[in-house]
Each structure stands twice: as structure tokens, then as C-alpha cells.
Amino acid sequence: MTQAPPFHLAFPVSDLEATRRFYAGVLGCRVGREAARWIDFDFFGHQISAHLVDEAGAVLPTNPVDGKDVPVRHFGAILEWHAWHALVERLRGLGVQFLIEPHIRFVGEPGEQATLFVVDPSGHALEFKSFRDMRQIFAT
């Protein structure tokens, strides 16, 4: 698998300082450039930009997946197996509430993966997943 170029994602937030505490403090993302109404973060090698908005967004719909209500709109990162487990321990140690608890999906099947969901201070759902074999990311 070749190294993909980093992606960029800009998203609305309702509180920049709470966003900084979550992404930098909880997730450990390095802070990049910033201004009065936005902050860039190094999100596991990708650039995400939190932009302050004056109106909060609406509640987003979910779809049932493996008996769990997965938010339709979400983003996240695919981490190496050990890094995913380290993040789980970090989140637990900080008392972060999981939207969907860490678990393994597709056990023994193509695409077996570890996954978890958390919510940031502005209500954005984030999924972090990992594959024992990264070549299985797009397995069917």
C-alpha cells in the first residue's frame, strides 16, 4: 500500500477553546496555525481546521451498524494496531465517554477491524479504527 497524501478537513465548532482542549489535550493533536476564529490541528498526519461559527448545527441522523447507532456524518483516523489500543487507554484514562465503546468488528472475516466512536465538544462524531493487517482496509 502506498502512502496517501494527507487530507484537509474544515469543520464548524461552537467553542474554540473547548475544541483546543479536546483535540490537543485529549487526542494529543499538535496545534498548527490559528487566528481569532479558527485553529489548525495535526490530526494523525492530516490537517483539520476548526472554524468558529455563531450557530450550532442540527442533530445528525444515524444508521444501524452491528446493532449500534452510528452517526451518518463522522470523520476520524485509521491508526496502527498498537496506536489504536494506546488511544483507547489514553481516552479511558482521561475519563472520555465513548459514543460507541471500543470493539472488534468482522472477527475472522476480511476487513477485521477495531473501532470506537467519541464526540467532540461541538457534537462531531469521530471514529478511530485499526486493522491488524492494513492491507485489509478495503477488503470485501
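Atom CD of Gln113 and atom CD1 of Ile137 lie 9.5 Å apart (nearest 0.5 Å). Atoms CG and CG, from Leu79 and Leu116 in turn, are 8.5 Å apart once rounded to the nearest 0.5 Å. One distance of note links CG of Leu52 with OG1 of Thr19; it measures 8.0 Å at 0.5 Å rounding. Taken to the nearest 0.5 Å, the OG atom of Ser14 stands 10.5 Å off from the CG atom of Asp54. Separation of atoms NE2 (His82) and CG (Leu87) is listed at 14.5 Å; rounding is to 0.5 Å.
Contact between His8 and Ser49 at its shortest, heavy atoms only, is CE1-OG, 3.1 Å. Taking every heavy atom of both residues into account, His51 and Ala10 meet most closely at CD2-CB, 3.8 Å. Taking each heavy atom of Ala125 and Leu99 in turn, the nearest pair found is CB-CD2, 4.3 Å. Closest approach of Ala50 and Val13 over heavy atoms only: CB-CG1, 3.8 Å. A pairwise comparison of heavy atoms in Pro110 and Ala139 identifies CB-CB, 3.9 Å as the closest pair. The two residues Pro12 and Ser122 have their closest heavy-atom pair at O-CB, 4.2 Å.
In the hydrophobic clustering of ILVMFWY residues, with side-chain heavy atoms under 4.5 Å counting as a link, Phe75 and Val119 come out apart. Put simply, Trp38 and Phe41 are part of two different groups of oily side chains (I, L, V, M, F, W, Y) that touch within less than 4.5 Å, one to the next. In terms of hydrophobic clustering, with Ile, Leu, Val, Met, Phe, Trp and Tyr side chains grouped at heavy-atom distances under 4.5 Å, Phe43 and Leu94 are assigned to a common cluster. Leu16 and Val53 are assigned to two separate hydrophobic clusters, defined by single-linkage of ILVMFWY side chains at heavy-atom distances under 4.5 Å. Hydrophobic clustering of Ile, Leu, Val, Met, Phe, Trp and Tyr side chains at less than 4.5 Å, counting indirect connections, keeps Phe106 apart from Ile100.
Side-chain contact between Pro121 and Asp15 is absent, with no heavy-atom pair separated by less than 4.5 Å. With a 4.5 Å cut-off on side-chain heavy atoms, Val96 and Val118 count as touching. Contact check for Leu91 versus Val26: side-chain heavy atoms found under the 4.5 Å cut-off. For the pair Phe117 and Thr115, the minimum side-chain heavy-atom distance is below 4.5 Å. In this structure the side chain of Phe44 never reaches within 4.5 angstrom of the side chain of Ile78, judged on heavy atoms.
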- [ ] Please test Gln136 against Glu112 for side chain to side chain contact (heavy atoms under 4.5 Å, CB included), starting from the C-alpha separation and ending with a verdict.
- [x] CA-CA 8 Å; Gln136 294 285 305; Glu112 180 176 338; over 6 Å; no

Does Phe128 form a side chain to side chain contact (heavy atoms under 4.5 Å, CB included) with Val88? I'd like the steps, not just the answer.
CA-CA 9 Å; Phe128 294 95; Val88 170; over 6 Å; no

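Taking the charged nitrogens against the carboxylate oxygens, Asp120 and Arg21 have no contact shorter than 4.0 Å, which rules out a salt bridge.
Val107 forms part of a hydrophobic cluster together with Trp81, Ile104, judged by ILVMFWY side-chain heavy-atom separations under 4.5 Å.
Glu34 pairs by the salt bridge (charged side-chain N to carboxylate O under 4.0 Å, His left out) definition with Arg20, not counting sequence neighbours.
Ser130 and Glu80 form no side-chain donor-acceptor contact under 3.5 Å, judged by distance and modelled atom types alone.
The backbone N or O of Leu126 lies less than 3.5 Å from no partner atom in the side chain of His74, so there is not a single donor-acceptor pair.
Applying the side chain to side chain donor-acceptor pair (under 3.5 Å) rule to pairs touching residues 84-110 yields Asp66-Arg105, sequence neighbours excluded.
For His124 and Phe11, the ring centers sit closer than 6.0 Å to each other.
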